[in-house]
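All figures in this text were calculated on a predicted structure; none of them were measured in a lab. The analysis underlying the following values was restricted to heavy atoms, covering all of them including side chains, and did not include hydrogens, waters or symmetry mates.
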Amino acid sequence: MNIQKYTKPAITLILAAALSSCQAASNDDAVAEEVSGSLESVGEPLSEQSVADGQAAPTVVAEADMASAPVNVSPAAEPVISREVPSAAPVHGATEEPRSQKTTAENSSIWCSAVGRRLPRAQCENYAEQIADLRSGVAAFNPNRSMVKGVPTEVRLAIGPEEEKERTVERAGGEGEAQTAEIEIGAKMRARLKGRAFEIDPAEPVDQVMGRNRRQVWNWDVTPRRDGSHQLSAEITVLAEDGTVLENQSSKVINVTVVVSEAERAALERERLLKKRQILEEDVGWITRFLKILDDFSLALLAFLTTIIVGVITLFVRAKKAKQAEAKGDQQEGNGVSPADPE
């Protein structure tokens, strides 16, 4: 009876284990067939090269490993096979590599002869394109050859296209023959007036955008500080659009000799004072004219005033004497004395 008590549970346990093993084997076969079908749909198995390129191969559990794995005797337990395929590493396409190489080439530093220093290749190429776009032109400088010490004079520098040379000379103004120079005109130009014996306003260089017509005029107020012969020069520089000096375009300098006179200064000063007096007289108007008339007839007016004053004084004295005489007569009558018979 004791053997029969344990025989029935043992048989039940053996049968349950056998059923679990059969079910696990059938599940392994289904998984293996599914993985094999997925590889066939791709076209070819993953190679070592694809793994090296960053493509991860799916994890496949072999049947031998499945068979050797421990089996859970629970009927509800089933072996779990991971079907998750890890994401592949990004693979750079063939189109991205040239772009990266191009960016590196543009940012590489090279010696740029256009500005005389090392710059990124792209920026240097931009300056080279601006130099190729320069236009032939002319600069006209025509200050007065004779100036007066201490007297300011306007001086102009005109720049224009080569085909408008005559018009550019006219815009420079001045007297006599204008000094000209052939130049290259860029998007922006710089001009500076120099002269040791002169006070120049403005003294610093002046930059101007040339525009599409490539015409521009610079103006300065020049005041000589010493007499004698002195040099007055205009320096012209070609600039890039951002104001960078283009080194391979040498600056042009136009020199003019100016004679400053000291003797003329006094005559000009007298003329200036006379003109100022005339303006003052015009402003005063009728008051000025009245003062002139009064000055011309001052003696007559003085005599007239003197006559009036003398007449007034004479009348006053006579009136006073008459009053005194009348008072004296009244006093004598009071004393019983006749004015005709004093005794």
Interatomic distance, Glu162 atom CD to Ser136 atom OG [nearest 0.5 angstrom]: 5.0 Å
Pro224 side chain reached by His230 side chain, heavy atoms, under 4.5 Å: no
Any donor-acceptor N/O pair, Asn142 side chain to Gly173 backbone, under 3.5 Å: yes
Nearest-0.5 Å distance, CH2 of residue Trp220 to CD1 of residue Ile200: 8.5 Å
Verdict with supporting geometry, Thr180 and Val169, side-chain contact (heavy atoms from CB on, under 4.5 Å): CA-CA 8 Å; Thr180 60; Val169 171; 3.9 Å; yes
Between Thr257 and Gln231: side-chain donor-acceptor atoms closer than 3.5 Å: yes
Within 6.0 angstrom of Glu163 CD, more than 12 heavy atoms from elsewhere: yes
Arg214 CZ to Leu134 CG distance, which is reported to the nearest 0.5 Å: 8.0 Å
Arg145 versus Glu177, closest heavy-atom pair with distance: NH2-O, 2.7 Å
Path from Val155 to Val253 over hydrophobic side-chain contacts below 4.5 Å: no
ILVMFWY cluster, Ile185 and Val238 together (side-chain gap under 4.5 Å): yes
Donor-acceptor contact below 3.5 Å, side chain Thr168 vs main chain Glu164: yes
Salt bridge (charged side-chain N to carboxylate O under 4.0 Å, His left out) between Lys194 and Glu235, intermediate numbers included: CA-CA 8 Å; Lys194 294 181 179 181; Glu235 183 178 7; 2.9 Å; yes
Pairwise distance CE(Met189) to CH2(Trp218) - rounded to 0.5 angstrom: 6.0 Å
side-chain contact (heavy atoms from CB on, under 4.5 Å) evaluation trace for Gln130 with Glu241: CA-CA 8 Å; Gln130 294 188 44; Glu241 294 178 353; 3.3 Å; yes
Nearest-0.5 Å distance, SG of residue Cys112 to CZ of residue Arg117: 8.0 Å
Minimum heavy-atom distance Gly160-Arg215, with the two atoms named: CA-CG, 4.1 Å
Under 3.5 Å: donor-acceptor pair, side chain of Glu154, backbone of Asn219: no
Heavy-atom check, side chain of Ile159 versus side chain of Met210, under 4.5 Å: yes
Lys/Arg N to Asp/Glu carboxylate O, Arg190 vs Asp207, below 4.0 Å: yes
For Arg192 against Pro205, the heavy-atom pair lying closest together: CD-CG, 3.7 Å
Within-4.5 Å side-chain heavy-atom neighbours: Phe141 and Leu193: yes
For Leu232 against Pro143, the heavy-atom pair lying closest together: CD2-CB, 4.0 Å
Flag side-chain contact, heavy atom, 4.5 Å: Thr244 against Leu239: no
Asn144 versus Ser146, side-chain donor and acceptor atoms under 3.5 Å: no
Minimum heavy-atom distance Ile131-Leu246, with the two atoms named: CG1-CD1, 3.8 Å
Donor on one side chain, acceptor on other, Ser251 and Thr237, under 3.5 Å: yes
Nearest-0.5 Å distance, CD1 of residue Ile254 to CG of residue Leu157: 6.0 Å
Nearest heavy atoms of Lys188 and Val209, plus distance in Å: CE-CG2, 4.1 Å
Flag if over 12 foreign heavy atoms under 6.0 Å of CD, Glu182: no
